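If you're wondering where the values come from, they're calculated on a predicted model, not measured in any experiment. The first residue of the sequence shown is numbered 1, and numbering continues consecutively from there. Numbering of ligands and ligand atoms starts at 1, following listing order.
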Amino acid sequence: MNILVIGTGYVGSTTAMVFAELGWKVTGLDTDKHKIQQLEQGVLHFYEPGLEDMLRKHVQSGQIQFTTNKDKAIRDNDLIFICVGTPSRADGSADMRYVKQVAEDIGQKMNGYKLVVTKSTVPVGTQEQITAWIAAAQEQAYPFDVASNPEFLREGKAVADALNPDRIIIGSNSKRAAHVLQSLYQSAKCPVVITTPRTAELIKYASNAFLATKISFVNELARLCDVLDVNVKEVSFGMGLDPRIGPSFLQAGIGYGGSCFPKDVSALILTAKQNSTELSVLEKVVQVNQTQHAYLINKVRERLGSLANQKIAVLGLAFKPDTDDIREAPALRVIESLLNEQAHVTLYDPVASLPADAAYKAVTECSKLEEALQAADAVILCTEWPIFKNIDWGHMKLVMSQPNVFDGRNILDPRDMRANGYYYQGIGHNG
Ligand code: UGA
């Protein structure tokens, strides 16, 4: 089977590489010439552990190739994965213009049977819409199927997740299409669920929304833990031992970010509204998430008083470790609040950097951690990069102006920090 992956962003690049790794011939298509040139040279345009090595290996062996020539790519491949972006519009709905464009291209250029599959997270009903878009664009009535096969990989762990998935969801109204997709994943050792396209599309949104719910639940609980003098990490641990609850996604902190949870939760809430129903639990999930960074800033204010002219070091910018992705990163909200209050902000992240945006020009980005902490009145830890767990706080006390640490990811030990002479505040993690 020759596979075409349209869109070489995060999901597309990883999908293409994984299919190449599984032994299929893959073509990656994108309209961005620069991106395609880089990929052809084995250079990945984002940071993802292990993925660039895979890219080089498969480019060299010829297992994978990249192109901007959509006509030829569509003609030469019968199995087409749509991996283009579905960004959020102002009202929270998914912007489908790139998916529509791809569907129309496929309709116009197809020269025989095509199986078109969505990997991107797309609203329920998209399979039907893509079918209509392709049919409307067709110059000749070639047969085709459209199926849904959502992606569940996490940034930072994309290679492991994509090679060892927990489940494969195939949404298809056609037995033939479902069979082709099943054979594509024949080496996978996980359950394969074959269902309707609508169900597959909703499974993806519901999964992300439920994980976001777990996080907001524990984040709000952490606020109660602060008042009750209970450690939320111990509560999460105890809860997580119940197999019905499970330990994952119960780490309290300054909230979830990234390109998926905020966008997908909003889109699902909107889908409910558009269908005259509501997902009120999810509305609260968003509200808790949007106020979680402010909860931590408030602790800083309680300690320092006015933040004007205080020097605050922000550690970590990426929305989570092992990625350079800063989309919807809680650290951005923290930095914006600090700047609004006229604080002097220094920033250190081992991989990610701020966008060239006037809004952040007052921030001093440092290439060394110690530089960021120089003369700081407080540190706010926003991303749990492993190196932040091993900071020599004894030494840093000599570097900082005041020993105040606000741990937005609960990765430091409150007792150790206090024994080192620090004023320490985590989120529901203080004793
Ligand atoms: C998420 C899902 O986990 C993937 O299954 C899904 O495929 C992906 O979205 C997607 O839809 O493409 P991702 O956004 O890469 O993956 O990152 P996660 O590891 O899920 O983390 C999301 C956010 O939640 C991060 O900001 C992280 O810091 C936060 N988080 C996570 C917590 O605050 N606490 C936790 O216990 C876990």
(request) Would you please classify the geometry between the Tyr422 ring and the Trp393 ring as parallel, tilted or perpendicular, with 30° and 60° separating the classes? (result) perpendicular

(message) I need the nearest protein heavy-atom contact for atom 32 (C) of ligand 1: residue, atom name and distance, please.
(response) Ile215 CD1, 3.6 Å

(request) Measure the distances from the heavy atoms of Gly257 to every atom of ligand 1 and state whether one is below 4.0 angstrom. (result) yes

(request) Measure Glu151 to ligand 1 on non-hydrogen atoms and call it side chain, backbone, both or neither using the 4.0 Å cut-off. (result) backbone

(request) Taking the six-membered ring of Tyr295 (Phe, Tyr or Trp), confirm whether the NZ or CZ of Arg223 is under 6.0 Å from its centre and within 45° of its axis. (result) yes

(request) Could you list which atoms of ligand 1 come closer than 4.0 Å to a heavy atom of Asn208? (result) 2 (C), 6 (C), 9 (O), 10 (C), 11 (O)

(message) If I take atom CZ from residue Phe406 and atom CG from residue Asn298, how far apart are they, to the nearest 0.5 angstrom?
(response) 10.5 Å

(request) Give a yes/no verdict on whether any heavy atom in Arg409 is under 4.0 Å from an atom of ligand 1. (result) yes

(request) Provide the number and element of each atom of ligand 1 under 4.0 Å from a heavy atom of Tyr256. (result) 23 (C), 24 (O), 26 (O), 29 (C)

(message) Salt bridge or not between Asp78 and Lys114? Use side-chain N to carboxylate O under 4.0 Å.
(response) yes

N/O donor-acceptor pairs under 3.5 Å from side chains in residues 352-364, not counting sequence neighbours:
| unit_1 | atom_1 | unit_2 | atom_2 | d |
| --- | --- | --- | --- | --- |
| Asp357 | OD1 | Ala359 | N | 2.9 |
| Tyr360 | OH | Glu336 | OE2 | 2.5 |

(request) Taking only heavy atoms of Leu250 into account, list the atoms of ligand 1 that are under 4.0 Å away from them. (result) 36 (O)

(message) I need the nearest protein heavy-atom contact for atom 10 (C) of ligand 1: residue, atom name and distance, please.
(response) Cys260 SG, 2.9 Å

(message) Minimum distance, heavy atoms only, to atom 18 (P) of ligand 1: which one of Lys320, Glu384, Gln251 is it?
(response) Lys320

(message) Out of Gln292, Lys119, Glu155, who is nearest to atom 15 (O) of ligand 1 when you count heavy atoms only?
(response) Glu155

Distance-only criterion, 3.5 Å: show the donor-acceptor pairs between side-chain atoms of residues 5-13 and protein atoms not counting sequence neighbours.
| unit_1 | atom_1 | unit_2 | atom_2 | d |
| --- | --- | --- | --- | --- |
| Thr8 | OG1 | Asp30 | OD2 | 2.8 |
| Tyr10 | OH | Glu48 | OE1 | 2.2 |
| Tyr10 | OH | Gly156 | N | 3.4 |
| Ser13 | OG | Thr8 | O | 2.9 |
| Ser13 | OG | Gly9 | O | 2.9 |

(request) Find out whether the Lys NZ or Arg CZ of Arg327 is both under 6.0 angstrom from the six-membered ring centre of Phe319 and within 45° of the ring's axis. (result) no

(message) Taking Asp226 first and then Lys299, would you say they form a salt bridge - that is, a charged N and a carboxylate O separated by under 4.0 Å?
(response) yes

(request) Give the residue and atom name of whichever protein heavy atom lies nearest to atom 5 (O) of ligand 1, and the separation in Å to one decimal. (result) Phe152 O, 2.7 Å

(request) Measure the distances from the heavy atoms of Gly258 to every atom of ligand 1 and state whether one is below 4.0 angstrom. (result) no

(message) Can you report which non-hydrogen protein atom sits closest to atom 3 (O) of ligand 1, along with the distance?
(response) Arg154 CG, 3.4 Å

(message) Tell me the protein heavy atom at minimum distance from atom 6 (C) of ligand 1, and give that distance in Å.
(response) Leu153 O, 3.3 Å

(request) Go through ligand 1 atom by atom and flag the ones less than 4.0 Å from a non-hydrogen atom of Phe319. (result) 14 (O), 15 (O), 17 (O), 22 (C), 25 (C), 26 (O), 28 (O)

(request) Could you check whether the rings of Trp385 and Tyr47 sit parallel, tilted or perpendicular, using 30° and 60° as the cut-offs? (result) tilted

(request) Check whether any heavy atom of Lys204 sits under 4.0 Å from an atom of ligand 1. (result) yes

(message) Salt bridge or not between Glu128 and Arg198? Use side-chain N to carboxylate O under 4.0 Å.
(response) yes

(message) Whether the side chain of Glu370 engages the backbone of Val399 through a donor-acceptor N/O pair (distance < 3.5 Å, no angle test) should be reported.
(response) no

(request) Could you find the nearest protein heavy atom to atom 37 (C) of ligand 1 and give me its residue, atom name and distance? (result) Phe249 CD2, 3.4 Å

(message) Looking only at protein heavy atoms, which one is nearest to atom 1 (C) of ligand 1, and what is the separation?
(response) Phe261 CE2, 3.4 Å

